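To start, the structure itself, in structure tokens.
Note that the structure is predicted; figures quoted are calculated from it, not measured.
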Amino acid sequence: MRLTNLAPDQLTAAQEDLYRMIAGGRRATGPQHFQLTDERGCLVGPFGVMLHEPAVGRRLQELGSALRFEVEISERLREIAILAVASVTACEFERYAHERIGLAAGLSPVELEQLAAGTFEGADAQEAAVHRFCRSLAEKVPSLDESAYQELRDVLGEALIVDLVVLAGYYVTLAHLLAVFDVPTPSH
């Protein structure tokens, strides 16, 4: 990793507050599909990067938490969306973390392979639309004509489209953080 991997005893007060929000917040409750900290107590993945700029990291963490725990999107659809973005951005950490969460959300190993390869079709029209839309969001700013938008709205609804645009943007941002700072993926 290109940044110092900050241990709990190296943190400023602002960093400590952010650390507690992540390591002791909603992500840390319930089933743990991957570790949030390493053996030294350092945050892993994008969370360790967020500590280096706590003012921004706090807002990113809050946005990620809202997307995961507060929006009206099923776990399965959310993981399809995240894994679609991870595939386009070649983000190994997000694939590592969210394949585990995806299994718990009901995605099969075959579906996970399809998502990684970008060939996922989905069990229904909504899943297929989420996959296509999130891939397009991660690839470039989409150009939707009125007909394409109406079709998407008919399948997904307006609120889910808003959630997916923000979710894809958030996970593209995380992919950029992980790539620029060469953050390793934990060994499986």
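Leu177 and Val88 end up in different hydrophobic clusters when Ile, Leu, Val, Met, Phe, Trp and Tyr side chains are linked at under 4.5 Å. Cluster annotation: Val49 and Val180 are assigned to the same hydrophobic cluster (Ile/Leu/Val/Met/Phe/Trp/Tyr, side-chain heavy-atom contacts under 4.5 Å, transitive). A chain of hydrophobic side-chain contacts below 4.5 Å, direct or via other Ile, Leu, Val, Met, Phe, Trp or Tyr residues, connects Val56 to Leu11. Leu3 and Leu174 fall within the same hydrophobic cluster, where Ile, Leu, Val, Met, Phe, Trp and Tyr residues are linked whenever their side-chain heavy atoms come under 4.5 Å apart, directly or through other members. Residues Val165 and Ile80 share a hydrophobic cluster, clusters being chains of Ile/Leu/Val/Met/Phe/Trp/Tyr side chains in contact below 4.5 Å.
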Residues 129-139, side-chain donor-acceptor partners within the protein, below 3.5 Å, at least two apart:
unit_1 : atom_1 : unit_2 : atom_2 : d
His131 : ND1    : Phe120 : O      : 3.3
Arg135 : NH1    : Ser87  : OG     : 3.0
Ser136 : OG     : Phe133 : O      : 2.7

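With contacts defined as side-chain heavy-atom distances shorter than 4.5 Å, the pair Val183/Met1 qualifies. For the pair Phe34 and Pro186, the minimum side-chain heavy-atom distance is 4.5 Å or more. Using a 4.5 Å heavy-atom cutoff, the side chains of Val44 and Thr37 are not in contact. Looking only at side-chain heavy atoms (C-beta outward), Thr4 and His52 come within less than 4.5 Å of each other.
In this structure, Glu121 places its CD atom where only 12 or fewer heavy-atom neighbours from other residues, nucleotides or ligands lie under 6.0 Å away. Environment of CD in Gln10: crowded, with over 12 heavy atoms of neighbouring residues, nucleotides or ligands closer than 6.0 Å.
Note that CD1 of Ile22 is 6.0 Å distant from CG of Leu51, once rounded to the nearest 0.5 Å. Between the CG atom of Leu77 and the CD1 atom of Ile82 there is a distance of 11.0 Å, given to the nearest 0.5 Å. Here Leu43 contributes atom CG and Asp38 contributes atom CG; the two are 8.5 Å apart, rounded to the nearest 0.5 Å. We find the CZ-CZ distance between Phe93 and Phe47 to be 6.5 Å, quoted to the nearest 0.5 Å. Atom CD of Glu53 sits about 10.0 Å away from atom CG of Leu18, to the nearest 0.5 Å. Note that CG of Leu103 is 5.0 Å distant from CG of Leu112, once rounded to the nearest 0.5 Å.
Not a single side chain to side chain donor-acceptor pair (under 3.5 Å) links Arg68 to another residue, sequence neighbours left out. For Arg76, the side chain to side chain donor-acceptor pair (under 3.5 Å) partners two or more places apart in sequence, or in a different chain, are Glu111, Glu127. In this structure Gln126 satisfies the side chain to side chain donor-acceptor pair (under 3.5 Å) test with no other residue, sequence neighbours excluded.
Sorted by first then second residue, the side-chain hydrogen bond (donor to acceptor under 3.5 Å, both in side chains) pairs that include residues 151-164, not counting sequence neighbours, are Gln150-Arg153. Contacts classified as ring-ring contact (aromatic ring centres under 6.0 Å, His included) and involving residues 159-186 (residues at least two apart or in different chains) are given here: His98-Tyr171.
Of the possible polar contacts, one joining the Thr173 side chain to the Gly169 backbone as a donor-acceptor pair under 3.5 Å is found. Looking only at distances, no side-chain donor or acceptor of Arg27 sits under 3.5 Å from a matching main-chain atom of Leu36. Remark: side-chain polar atoms of Gln114 are not paired, donor with acceptor, to backbone N or O of Thr119 under 3.5 angstrom.
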Verdict with supporting geometry, Leu164 and Ile73, side chain to side chain contact (heavy atoms under 4.5 Å, CB included): CA-CA 9 Å; Leu164 292 171; Ile73 183 173; 3.9 Å; yes

Test side chain to side chain contact (heavy atoms under 4.5 Å, CB included) applied to Leu6 and Gln15, step by step: CA-CA 9 Å; Leu6 298 171; Gln15 290 169 328; 3.5 Å; yes

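Closest heavy-atom contact between Leu83 and Glu94: CD2-O, 4.3 Å. Across every non-hydrogen atom of Pro8 and Cys42, the tightest pair is CD-N, 4.3 Å. Leu144 and Ala148 get closest at one heavy-atom pair: CD2-CB, 4.0 Å.
Glu70 has a carboxylate O that lies under 4.0 Å from a charged side-chain N of Arg26, or vice versa, which qualifies the two as a salt bridge.
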